[in-house]
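A short write-up of the structure that comes next.
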Amino acid sequence: MALACPAGTKGPIMNLFSDIRALVIDSLAAMQAEGALPAGLDMTNVAVEPPRDAAHGDMATNAAMVLAKPAGQNPRAIAEALAAKLAADPRIVTAEVAGPGFLNLRLTPAAWQGVVAAALAAGRDFGRSAMGRGVKVNVEFVSANPTGPMHVGHTRGAVFGDALAALLDFAGHEVTREYYINDAGAQVDVLARSAYERYREANGLSPEIREGLYPGDYLIPVGEALKAKYGTSLLDRHEGDWLAEVREFATAEMMAMIRADLALLGVKMDVFSSERAITASGRVEEAIATLRGMDLIYEGMLEAPKGKLPDDWEEREQTLFRSTAHGDDVDRPVKKSDGSWTYFAPDIAYHWDKVKRGYDQLIDILGADHGGYVKRLKAVVSALSAGRVPLEVKLIQMVKLYKNGEPFKMSKRAGTFVTLRDVVEQAGADVTRFVMLTRKNDAALDFDFDKVLEQSKDNPVFYVQYAHARVCSVIRKAAEAGIAADDTTLARADFARLSHEAELALARKIAEWPRLVEIAARGQEPHRIAFYLYELASELHGLWNRGNEETGLRFVQDGNIPASQAKIALARATAVVISAGLGILGVTPAEEMR
RNA sequence: GGCCCCGUAGCUCAGGGGAUAGAGCGACCGCCUCCUAAGCGGUAGGUCACAGGUUCGAAUCCUGUCGGGGCCGCCA
């Protein structure tokens, strides 16, 4: 008696691990109904996972150990009873109790062959999850100041944010990618003054790049563009006459440059929000007034920070946000001594704006140097959403550059400013993205120019792309041998022929993909995708090489079309998962390596 | 002084309550008349910084210590 529809399976996009977990939970519920287990047990910690050691089986559950104490029973006794129930399922071959109460399961080859079929049927959608269905998430990232080109640090944030957004999308969330343009602070006035000097230069005058101005060459074309637009009409005028116009012009030029940089990396934003637009519309005052209405804004004194005191510290009364009411360590000023807003004030308005746009979750991706800023941002969102919207801040740790094995200091002044464009033009977007995503966001990243530029086997991206290219090569060979190997044909292959242990091992790895997507999305950890792809590629390379010795394991079987198609289907399913995974990382799957 | 991140093999790093802790690089030994050797198999290499605590069970959670990095009103 076959199960009409095994629990947890939704159409072709299956997750065998959650299916078997559902079976375990059902079996435990049956035991409760029979009185073998007490009612009302908390099952949330019951897990079904691949065991660390493959010798233990295909899957393992900790159910008996988790439930032993609340049920007041011996874990091994629970495991024995559960094993008897599970063994009745047609997908389960053996269920053995081991160690302190683990239950090790072995599944039928048909179960694993079914995964290959499901992967081919779903294509690149295999592994898509409904986990985030109905959840609107805003991912704000990059948000580099519009005062110059993006550098390597921005690059890591851009790549991480883009991949995280893609991952959440794959896990079913409704995702918005957003860039916050800091086009209202003092830094854009500095930009305007710097551009003005380049404008003077374009008009044949010698520029005065004073201390504190931006000296970069990238402003020279901006100066020329200003000359083209304004001729000599802005020369010898007071700053007040040209500042606003030049600021707007230069900011727009910088944003065009940043958009071009992002395009180079393959990053596309859905929304650009302007700090100036928010400020000009009076929303800062509105936000502060709202907080004041909640008694979260007050006039008061801050204690001097302990330890190293700023030279010009003086205690004085100022306008403060009571962020301590929402988890911060101290209250935070929203006004400077001259009465103008601090940087924080427009950020309050901006985050309120995001809350009002109806997101269920906000994610900010910031550089690690903004670590001291996290608690106050969370406090703002907590206060202005009445605790409804969680804000997650992902801090991106430093990128440490190495060249010739030596640490490489970046300095605008010394002209050793390494831009995103430098990196991408030399290493390529694929390598840059993969390397930067093969590390979790909260660990510092060593970026070794030699290794990245070398494009050698040290680069895991090539290893993964090579696996994909090998599959493409097999399919080309099959076509030459007159074997139909299009996806439609492969989807109807005789999967029961995939009976060799080495082939089933690859199918098991493919089966982990939907589970891994959910784990990575839940933890907001795109690096897990990169590591998984590496492991999956390794399985494929291993199987490939076994084909050298055991010709029966080669994908193309001379004179045996059904066998070839089954084996090619396995290879193709692997490639489909690699392609989907690389798609999340924003890396191109290679058709061939040249 | 306070806050955040990190400390796992010689090096670079995964794993973040579960069984005998993993991978790459480097070292050593093997594998191309055979679908791309940019690949594969194997050997060697560990006090999971340290000390307490919680737990049936801790590299993983909690507290503290040490070491490295980042940050701490009037920059953004």
Side-chain angles (χ1 to χ4, degrees), chain A residues 45 47 49 51-53 55-56 60 62 65-66 68-69 75 98-102 104 143 145 147 182 184-188 190 275 302 304-308 310 312-316 318 320 328-333 335-338 340 342-344 346-347 367-375 393 395 397-398 400 438-444 446 448 451 455-460 462-463 465-467 469-471 473-478 480-481 523 527-528 530-531 534-535 537-538 540-549 551 554-558 564 567-568 571 592-594:
Chain A
N45 288 327
E49 302 169 317
R52 185 179 290 175
D53 186 344
H56 289 139
N62 61 355
M65 288 181 292
V66 169
K69 195 167 188 182
F102 284 103
N104 292 327
S143 299
N145 284 339
T147 57
N182 291 125
Q187 79 284 357
V188 284
V190 174
E275 178 186 358
L302 279 183
K306 302 265 194 299
K308 63 170 180 141
D312 56 350
W313 174 268
E314 60 179 72
E315 198 168 72
R316 62 148 203 283
Q318 53 191 334
L320 297 168
D328 203 353
D329 306 309
V330 290
D331 293 339
R332 304 293 179 174
K335 276 188 177 178
K336 302 180 196 172
S337 54
D338 65 1
S340 64
T342 62
Y343 173 75
F344 182 39
D347 243 354
D369 53 344
H370 290 62
Y373 208 66
V374 173
K375 286 185 180 177
V393 180
L395 293 178
Q397 290 295 328
M398 309 258 102
K400 278 185 261 176
T438 313
R439 192 107 322 164
K440 40 186 175 186
N441 63 289
D442 46 14
D446 289 343
D448 190 319
K451 282 184 183 168
Q455 305 201 349
S456 75
K457 60 183 190 288
D458 284 351
N459 246 317
F462 287 102
Y463 185 85
Q465 286 184 316
Y466 184 34
R470 274 185 151 171
V471 174
S473 166
V474 164
I475 290 170
R476 284 193 297 269
K477 288 281 179 199
E480 286 170 20
H527 75 276
R528 287 179 185 268
F531 281 93
Y534 191 88
E535 291 166 11
S538 182
L540 182 92
H541 289 312
L543 181 59
W544 180 288
N545 271 73
R546 284 189 67 168
N548 287 338
E549 303 268 324
T551 54
R554 293 186 191 171
F555 296 111
V556 177
Q557 296 287 313
D558 286 337
S564 298
K567 290 168 192 295
I568 295 167
E592 55 184 346
M593 310 298 282
R594 288 294 172 219

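Predicted model only: the values in this text are computed from it and were never measured. Numbers restart at 1 for each chain; the letters A, B, ... are given by sequence-line order, proteins then strands.
Within 4.0 Å (heavy atoms only), N104(A) reaches at least one base atom of the nucleic acid. Counting non-hydrogen atoms under 4.0 angstrom, E592(A) reaches a base of the nucleic acid. No engagement by A481(A) is indicated, since no non-hydrogen atom pair under 4.0 Å with the nucleic acid exists. Residue contacts shown for R528(A) are limited to sugar-phosphate atoms, with no base heavy atom under 4.0 Å away. H527(A) comes within contact range of the sugar-phosphate backbone alone, with a heavy-atom separation under 4.0 Å but no base atom that close. Heavy atoms of F531(A) sit under 4.0 angstrom from primed sugar atoms or phosphate atoms, though from no base atom.
For A186(A), counting side-chain heavy atoms from C-beta on, the closest listed nucleotide (rG15(B), rC40(B), rA76(B)) is rA76(B). Of the candidate nucleotides rC34(B), rU36(B), rC40(B), rC40(B) has the atom nearest to the side chain of Y463(A). Closest contact between the side chain of R554(A) and the listed nucleotides rG18(B), rU36(B), rC35(B) involves rC35(B). With distances taken from any side-chain atom of Y466(A) to the nucleotides rA76(B), rG18(B), rG39(B), the minimum falls on rG39(B). Nearest to the side-chain atoms of M65(A) among the listed nucleotides rC35(B), rU36(B), rG18(B) stands rG18(B). Of the candidates rA38(B), rC31(B), rA19(B), the closest approach to any side-chain atom of E549(A) belongs to rC31(B).
For rC32(B), the base adopts the syn conformation, since its glycosidic angle falls within 90 degrees of zero.
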Summarise how protein sits on nucleotides 41-50 of chain B as a single string, 5' to 3': B when a protein heavy atom is under 4.0 Å from the base, S for sugar-phosphate-only contact, - for no contact.
-> ----------
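Neither OP1 nor OP2 of rG15(B) sits under 4.0 Å from any side-chain N or O of Y534(A). Of the side-chain N and O atoms in S473(A), one or more sit less than 4.0 angstrom from OP1 or OP2 of rU36(B). Remark: K400(A) is not in phosphate contact with rG70(B), judged by side-chain N or O atoms under 4.0 Å from OP1 or OP2. Within the structure, a side-chain polar atom (N or O) of W544(A) is placed less than 4.0 Å from OP1 or OP2 of rA37(B). One finds a side-chain N or O of R470(A) lying less than 4.0 angstrom from the OP1 or OP2 phosphate oxygen of rA37(B).
Using cut-offs of 30° and 60° on the angle between ring planes, the pair W544(A) and F555(A) is tilted.
The separation between R316(A) atom CZ and rG73(B) atom P is 11 Å, rounded to whole Å. At whole-Å resolution of the value, CG in D369(A) and C1' in rC72(B) are 13 Å apart. rU55(B) atom P lies 16 Å from atom CG of N45(A), rounded to whole Å.
Between the C1' atoms of rG22(B) and rA14(B), the separation comes to 7 Å (whole Å). rC29(B) and rG67(B): their C1' atoms are spaced 39 Å apart (whole Å). Taking the C1' atom of each, rA21(B) and rC13(B) are spaced 14 Å apart, rounded to whole Å. Going from the P atom of rG18(B) to that of rU12(B) covers 26 Å, rounded to whole Å. Between rA59(B) and rG16(B), the distance separating the two C1' atoms is 8 Å to the nearest Å. One C1' atom belongs to rA58(B), the other to rA51(B), and the distance between them is 15 Å to the nearest Å. When the C1' atom is compared between rC11(B) and rC4(B), the two are found 27 Å apart, to the nearest whole Å. Only the P atoms considered, rC50(B) is 49 Å distant from rU36(B), to the nearest whole Å.
Secondary-structure annotation of RNA chain B gives the stems B:1-7 with B:66-72, B:10-13 with B:22-25, B:27-31 with B:39-43, B:49-53 with B:61-65, with a stem taken as at least 3 successive Watson-Crick or G-U pairs whose two distances both fall under 3.5 Å.
Tested against K375(A), the residues D328(A), D331(A), D329(A) include a single salt bridge (Lys or Arg N to Asp or Glu O under 4.0 Å) partner, D329(A).
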Check nucleotides 4-12 of chain B for protein N or O atoms closer than 3.5 Å to its own N or O atoms and list the pairs.
residue: rC5(B); atom: O2'; partner: D442(A); partner atom: O; Å: 2.4

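Nearest-nucleotide assignment on RNA chain B puts the 5′-proximal partner with T438(A), out of T438(A) and K69(A).
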